[in-house]
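The structure appears right after this line, and notes come after that.
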Protein chains: 2
Amino acid sequence: MSNSIPIVSPDPSSAYASLSVEELRNRCSACSMHELCLPMGLDEADMNRLDQIIGRRRKVVRDSTLYRVGDPFTNLYAIRLGHFKTYQINPDGDQQITGFQMAGELLGMDAISTDRHHCNAVALEDSEVCEIPFARLENLFSDMPTLLRHFHRMMSQEITREQSVMLLLGNMRAEQRFAAFLVNLSSRYAARGYSSTSFQLRMSREEIGNYLGLTIESISRLLSKFKKRGLLKVSNRELEIVDLPIVKALAAGTETCS
Amino acid sequence: MSNSIPIVSPDPSSAYASLSVEELRNRCSACSMHELCLPMGLDEADMNRLDQIIGRRRKVVRDSTLYRVGDPFTNLYAIRLGHFKTYQINPDGDQQITGFQMAGELLGMDAISTDRHHCNAVALEDSEVCEIPFARLENLFSDMPTLLRHFHRMMSQEITREQSVMLLLGNMRAEQRFAAFLVNLSSRYAARGYSSTSFQLRMSREEIGNYLGLTIESISRLLSKFKKRGLLKVSNRELEIVDLPIVKALAAGTETCS
DNA sequence: CGGGCGTTTGAGGAGACTCAAACGTCGTGG
DNA sequence: CCACGACGTTTGAGTCTCCTCAAACGCCCG
């Protein structure tokens with residue numbers, strides 16, 4: 001709320017005349033994520049058209065579920081603020097976290113194939129999402145090629161992201177997995193203009209372990225080891241990467257932490 | 001060649017007049033995969049339009065590379081015949097197979113995000129692909145909503161598929177992983193009209209192991225164990241699933257193979 | 001201050017890996 | 001047609017990584 005996000009553009013365009021302050025603040029053009037999120041690269045006019053189909057901006061309180069496996073698919077969700085986890089449940093009941101998502105990322109793309117959600121999405125902290133009715137989005141595609149193209153890029157990016165997790169789970173040792181996880185967070189925060197070396201972990205040790213195919217104890221031991229080697233400073237969920245190059249080398253597998 | 005695929009439709013449509021027999025045989029409408037592949041659900045007219053942009057049908061001999069990491073992205077490839085593997089190479093040199101693809105599946109979707117391929121694709125046997133120039137495909141999207149929708153479904157399906165591999169790699173034991181792998185192959189062959197219980201493994205033990213995050217020795221031992229338990233009959237790459245329900249139960253984790 | 005919960009640390013064990021050797025299959029060439 | 005070699009696979013023995021189980025710690029909140 002106290003952030004210095006410009007609420008109205010200096011240009012008093014007539015298109016804005018009938019909008020309330022609330023509505024203006026919610027617009028894509030006013031959102032700090034619009035260069036990462038779905039409207040990336042759109043001109044003013046196109047961004048307005050996208051704005052008009054977006055259902056509502058919705059708060060999602062911590063630990064609450066945005067959607068569940070089996071829910072009918074009607075909306076994609078763009079994260080405006082906050083963090084989420086998505087996870088699958090396998091037949092014998094336990095969960096596998098398939099991703100941690102942050103502002104500017106899109107949730108729900110896996111549901112397009114069957115019109116039902118394939119995973120659960122839960123807020124890791126109090127968050128806000130933009131509801132994007134997929135049917136209306138599809139209507140825009142036919143005459144907004146830039147939007148369509150960027151949408152394809154985002155889906156493709158999700159495929160790529162999952163492939164690197166497969167690489168991680170398939171042939172990295174615990175130490176390397178954890179380092180890769182840290183480097184990944186680091187670069188995503190950097191892309192959002194935050195510090196690449198100092199941030200808060202939004203997820204518990206247990207969730208990290210689950211995501212990386214390791215136990216909570218292993219994560220804890222890895223944190224201690226990295227801390228002892230002077231690579232990290234950790235206090236609860238507050239994390240500082242002291243030696244990012246080494247952590248990157250660990251992630252790349254060109255270095256081992258004895 | 002000796003298969004009884006109808007080369008011309010009984011209706012002598014004039015649209016076909018100028019096409020050679022070769023060209024006719026190559027058309028989507030003549031392809032046995034058209035109900036699984038990109039043209040799924042298209043009417044005759046739309047399928048023709050799609051046909052017209054498809055570059056060429058191309059043979060890919062066993063062990064040869066369709067594309068490599070870093071190659072500029074210009075085409076998607078629909079597999080017309082045969083099998084492929086896609087794999088990533090990590091910084092320290094070893095590979096992680098991210099998928100095995102068969103006829104009717106689409107290769108290259110991970111390249112859309114950056115206009116460069118993110119993985120290598122290699123034919124597991126002599127194969128044939130349809131080259132789909134992506135730029136031309138994009139041109140079709142604006143007035144072929146059915147095509148666009150199915151394309152989105154295929155991308156989404158790929159996301160879903162990878163999520164289940166993450167589940168597999170992240171929290172299944174070796175036995176369960178291998179059972180899940182077999183069940184997956186089984187159902188994909190079934191969808192193509194082949195036997196769900198008797199097929200040939202197109203990939204080596206080593207490749208299976210790599211894909212499942214296990215060693216070749218582990219795969220070999222699992223095969224022996226399943227064989228001894230009477231679940232499978234195996235002879236080299238020829239495989240028969242004798243007790244599919246149990247294998248499914250193993251994959252689901254509701255059963256253990258002692 | 002006390003309870004609860006998430007985390008840390010330790011000890012022991014199991015599953016999968018590594019290393020090594022034997023085996024079988026297939027293709028080649030004599 | 002058979003012998004040979006190469007390569008992929010199987011099987012065994014020993015090891016290591018990470019898991020399991022257990023207990024203590026410490027932070028947060030009432």
Side-chain angles (χ1 to χ4, degrees), chain A residues 62-63 85 92 94-97 122 124-125 168-181 200-229 231-239 250 253 256-258, chain B residues 61-63 85 92 94-97 122 124-126 168-181 200-229 231-239 250 253 256-258:
Chain A
R62 179 175 175 158
D63 291 332
K85 66 171 174 182
D92 45 317
D94 40 30
Q95 69 172 53
Q96 168 69 33
I97 294 176
V122 168
L124 293 174
E125 60 185 333
L168 180 148
L169 293 173
N171 66 24
M172 291 185 187
R173 322 219 125 279
E175 185 182 293
Q176 196 179 357
R177 289 186 200 185
F178 187 59
F181 170 72
Q200 202 190 96
L201 296 170
R202 283 8 189 252
M203 63 297 285
S204 68
R205 308 285 193 265
E206 174 138 40
E207 286 164 333
I208 298 174
N210 183 298
Y211 177 63
L212 297 178
L214 301 170
T215 59
I216 180 175
E217 293 95 329
S218 294
I219 299 301
S220 187
R221 282 182 242 274
L222 286 164
L223 272 169
S224 302
K225 185 160 82 175
F226 282 22
K227 200 156 55 172
K228 195 173 293 173
R229 296 286 185 286
L231 303 178
L232 302 178
K233 285 181 187 167
V234 192
S235 165
N236 299 322
R237 293 191 172 189
E238 211 56 53
L239 185 88
L250 286 171
T256 351
C257 184
S258 76
Chain B
V61 305
R62 178 174 177 160
D63 291 332
K85 66 171 174 181
D92 45 318
D94 40 31
Q95 69 173 52
Q96 168 69 33
I97 295 176
V122 168
L124 294 175
E125 60 185 333
D126 290 352
L168 180 148
L169 293 172
N171 65 26
M172 292 186 186
R173 321 219 125 281
E175 184 180 295
Q176 197 179 355
R177 289 186 201 186
F178 186 59
F181 170 72
Q200 202 190 97
L201 297 169
R202 276 22 183 246
M203 63 296 285
S204 68
R205 309 284 193 264
E206 173 138 41
E207 287 164 333
I208 298 173
N210 183 299
Y211 176 63
L212 296 177
L214 301 169
T215 58
I216 180 176
E217 294 94 331
S218 294
I219 300 301
S220 186
R221 282 182 240 275
L222 286 164
L223 272 169
S224 301
K225 184 159 84 173
F226 282 24
K227 200 157 54 172
K228 195 172 294 175
R229 295 286 184 287
L231 304 178
L232 302 178
K233 286 182 187 165
V234 192
S235 165
N236 299 322
R237 293 188 172 191
E238 210 56 54
L239 185 88
L250 286 171
T256 352
C257 184
S258 78

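By convention in this document, chain letters (A, B, ...) are assigned in the order of the sequence lines, proteins followed by strands, and residues within each chain are numbered from 1.
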Provide, to the nearest angstrom, the distance between the CG atom belonging to Leu201(A) and the P atom belonging to dT7(C). 10 Å
Quick one: do Glu175(B) and Lys225(B) make a salt bridge, cutoff under 4.0 Å? yes
Let me know the distance between CD1 of Ile219(A) and P of dT7(C), rounded to the nearest Å. 11 Å
Rounded off to whole Å, could you give me the CE-to-C1' distance for the Met172(B) and dA16(C) pair? 17 Å
Round to a whole Å and report the spacing from CD of Glu238(A) to C1' of dC27(D). 15 Å
Sugar-phosphate, base or nothing in reach of Ser204(A), heavy atoms under 4.0 Å: sugar-phosphate
Just the rounded figure in Å: distance from C1' of dT11(D) to NZ of Lys225(B). 15 Å
Would a distance-only check, ignoring hydrogens and angles, find a side-chain to backbone donor-acceptor pair under 3.5 Å from Asp63(A) to Leu124(A)? no
Select base, sugar-phosphate, or nothing to describe what Gly209(B) touches, counting heavy atoms under 4.0 Å on all strands. nothing
For the pair made of CG in Leu169(A) and P in dA16(C), what is the distance, rounded to whole Å? 15 Å
The side chain of Arg221(B) lies closest to which of these nucleotides: dT8(C), dT11(D), dT10(D)? dT11(D)
Going by an N to O cut-off under 4.0 Å, is there a salt bridge joining Glu125(B) and Arg62(B)? no
Please determine if a side-chain N or O atom of Arg173(B) lies less than 4.0 Å away from the OP1 or OP2 oxygen of dA16(C). yes
Nucleotide of dT25(C), dT11(D), dT8(C) approaching Asn236(B) most closely (side-chain heavy atoms): dT25(C)
Given dT11(D), dT20(D), dT7(C), the nucleotide with the shortest approach to the side chain of Glu217(A): dT20(D)
Taking only the side-chain nitrogens and oxygens of Ser218(A), find out if one of them lies under 4.0 Å from OP1 or OP2 of dC19(D). yes
CD1/Ile208(B) to CZ/Phe181(B) distance, rounded to the nearest 0.5 angstrom? 4.5 Å
Provide, to the nearest angstrom, the distance between the CZ atom belonging to Arg237(B) and the C1' atom belonging to dT9(D). 11 Å
Whole angstrom value for the distance that separates P of dG15(C) from CG of Asn171(B): 16 Å
When you check the phosphate oxygens OP1 and OP2 of dT18(C), does a side-chain N or O of Thr215(B) lie under 4.0 Å from one of them? no
CD1 of Ile216(A) to CZ of Arg221(A): how many Å apart, nearest 0.5 Å? 11.0 Å
Can you tell which of dA16(C), dT10(D), dT8(C) lies closest to the side chain of Leu214(B)? dA16(C)
